[in-house]
Amino acid sequence: MLELTHLNLQFGGLKALSDVNFKLNQGEILSIIGPNGAGKSSLLNVITGIYKPISGDIHFQGQSTLKLSPHQITRLGIARTFQNLRLYLNMSVLENVMTGAYCQSRAGLLSTALRLPSWRKEEAEIRAKAEHHLSFFGNRLQGYRHQQPAYSLSYANRRRLEIARAMTTGASLLLLDEPAAGMNPHESAEIAEVILRLRDEGYTILLIEHDMNVVARASDRVIVLDYGKVIAQGSFAEVTEHPEVIAAYLGRKAVG
């Protein structure tokens, strides 16, 4: 579904990504791990078109995305969440999720401004879609919560809300940037279950996560980045026993 070939990203003299190559298969959960500053979030920013690489290519379902803008990439079927939550805190839970669907909206400016029947029909469809994706999270985001402002939600439910919004874009590939960040062990375990259920719903997932319990529970395959380079890939057990991975996390002097 997704293929990165010889991807390089540089900020001035700092090389954020160096010759990154990997494939993500349809229906797979692939985790990217690595120490702080390894280039993980930069990788997501390149895939979603926020950063442009200095060389290399990205193909999504066989189509190069390098010349596409972020909103065009979203329309193709790639959606993401963020390490630092990006919600509309003063909008309702339902309105936040509905915004995800507008990237696929067919209504023009005139029909929207005049609230023509075509706009009303599409707005009803978007509302129904948003309610459907919120129901995925059960009573966490259901019922009376639809009309609550996003700022009233707990931190864990805000994380769920951001995932629901990404689902409503119509994406087939979800990029989750540290969805368990700031959560306690019980909440992290719930997020791991959410990720597995997303795969069961037909989503392909690229996961960035520091919580190794989540990575171990939810991943089909793991790639390790260090200083922008892929230093290991394989199962969770394989990469956590790799000497370079141990050195990257514990320090080379500590393991040398």
Side-chain angles (χ1 to χ4, degrees), residues 1-25 28-60 63-70 73-74 76 78-84 86 166 173-182 195 204-212 214-216 218-256:
M1 176 174 276
L2 183 72
E3 182 176 8
L4 279 61
T5 52
H6 303 295
L7 204 65
N8 292 278
L9 176 68
Q10 195 161 328
F11 303 109
L14 174 65
K15 203 155 193 182
L17 297 172
S18 181
D19 198 36
V20 173
N21 297 273
F22 68 81
K23 293 180 181 180
L24 172 59
N25 300 312
E28 186 178 26
I29 302 173
L30 174 62
S31 290
I32 308 289
I33 67 172
N36 289 330
K40 303 183 297 297
S41 290
S42 292
L43 180 65
L44 291 198
N45 286 334
V46 171
I47 294 171
T48 53
I50 296 172
Y51 297 157
K52 296 298 181 184
I54 58 172
S55 61
D57 209 346
I58 302 170
H59 284 82
F60 176 65
Q63 177 179 344
S64 176
T65 63
L66 285 190
K67 294 183 180 179
L68 301 180
S69 63
I73 291 172
T74 303
L76 273 185
I78 301 176
R80 69 173 295 181
T81 65
F82 293 86
Q83 182 178 351
N84 298 312
R86 306 280 181 89
L173 172 59
L174 297 179
L175 313 180
L176 306 181
D177 194 351
E178 297 192 32
I195 293 168
T204 302
I205 297 168
L206 182 62
L207 171 68
I208 288 179
E209 188 52 68
H210 279 295
D211 189 321
M212 291 299 105
V214 174
V215 174
S219 306
D220 296 313
R221 191 160 50 94
V222 180
I223 288 175
V224 186
L225 282 180
D226 189 31
Y227 293 108
K229 295 181 179 180
V230 175
I231 60 171
Q233 56 182 306
S235 69
F236 179 78
E238 288 169 344
V239 300
T240 52
E241 294 174 1
H242 194 286
E244 285 191 63
V245 176
I246 296 171
Y249 274 97
L250 299 181
R252 284 159 180 81
K253 288 185 179 179
V255 297

Just how far is it from atom [atom1] of [X] to atom [atom2] of [Y], taken to the nearest 0.5 Å?
| X | Y | atom1 | atom2 | answer |
| --- | --- | --- | --- | --- |
| L4 | H59 | CG | NE2 | 10.5 Å |
| F60 | L2 | CZ | CG | 7.5 Å |
| R221 | L24 | CZ | CG | 7.0 Å |
| L174 | T204 | CG | OG1 | 8.5 Å |
| E178 | Q83 | CD | CD | 4.0 Å |
| I32 | S41 | CD1 | OG | 11.0 Å |

- side chain to side chain donor-acceptor pair (under 3.5 Å) partners of residues 9-19, not counting sequence neighbours, each pair once: H6-D19

- Message: Quick test of your reading: applying side chain to side chain donor-acceptor pair (under 3.5 Å), list the pairs with at least one residue in residues 42-52, sequence neighbours left out, ordered by first then second residue.
- Response: N45-R80

[X] versus [Y], closest heavy-atom pair with distance:
| X | Y | answer |
| --- | --- | --- |
| V239 | G234 | CG1-N, 3.5 Å |
| G56 | L66 | O-CD1, 3.1 Å |
| L175 | I78 | CD1-CG2, 3.7 Å |
| G34 | Y249 | N-OH, 2.9 Å |
| A218 | I29 | O-CD1, 3.2 Å |
| G49 | P70 | O-CG, 3.6 Å |

- Item | L44 vs L206, side-chain contact (heavy atoms from CB on, under 4.5 Å): CA-CA, chis, key distance, verdict | CA-CA 9 Å; L44 291 198; L206 182 62; 3.8 Å; yes

Find out whether [X] and [Y] are in side-chain contact, i.e. whether some heavy atom of one side chain is under 4.5 Å from a heavy atom of the other.
| X | Y | value |
| --- | --- | --- |
| L17 | P53 | no |
| V224 | H242 | no |
| M212 | I33 | yes |
| V20 | V46 | no |
| L173 | M1 | yes |

With distance as the sole test, does [X] use its side chain to make a donor-acceptor pair with the main-chain N or O of [Y] at under 3.5 Å?
| X | Y | result |
| --- | --- | --- |
| T81 | D177 | yes |
| T65 | L68 | no |
| T240 | A237 | yes |
| E28 | L30 | no |

- Listed by chain and number, what are the side chain to side chain contact (heavy atoms under 4.5 Å, CB included) partners of A38, not counting sequence neighbours? P35, K40, L225

- Message: Apply side-chain contact (heavy atoms from CB on, under 4.5 Å) to residues Q63 and L76 and explain how you reach the verdict.
- Response: CA-CA 10 Å; Q63 177 179 344; L76 273 185; 3.7 Å; yes

- Task: Just do the side-chain contact (heavy atoms from CB on, under 4.5 Å) check on N21 and T5 with the steps written out, would you?
- Result: CA-CA 5 Å; N21 297 273; T5 52; 4.0 Å; yes

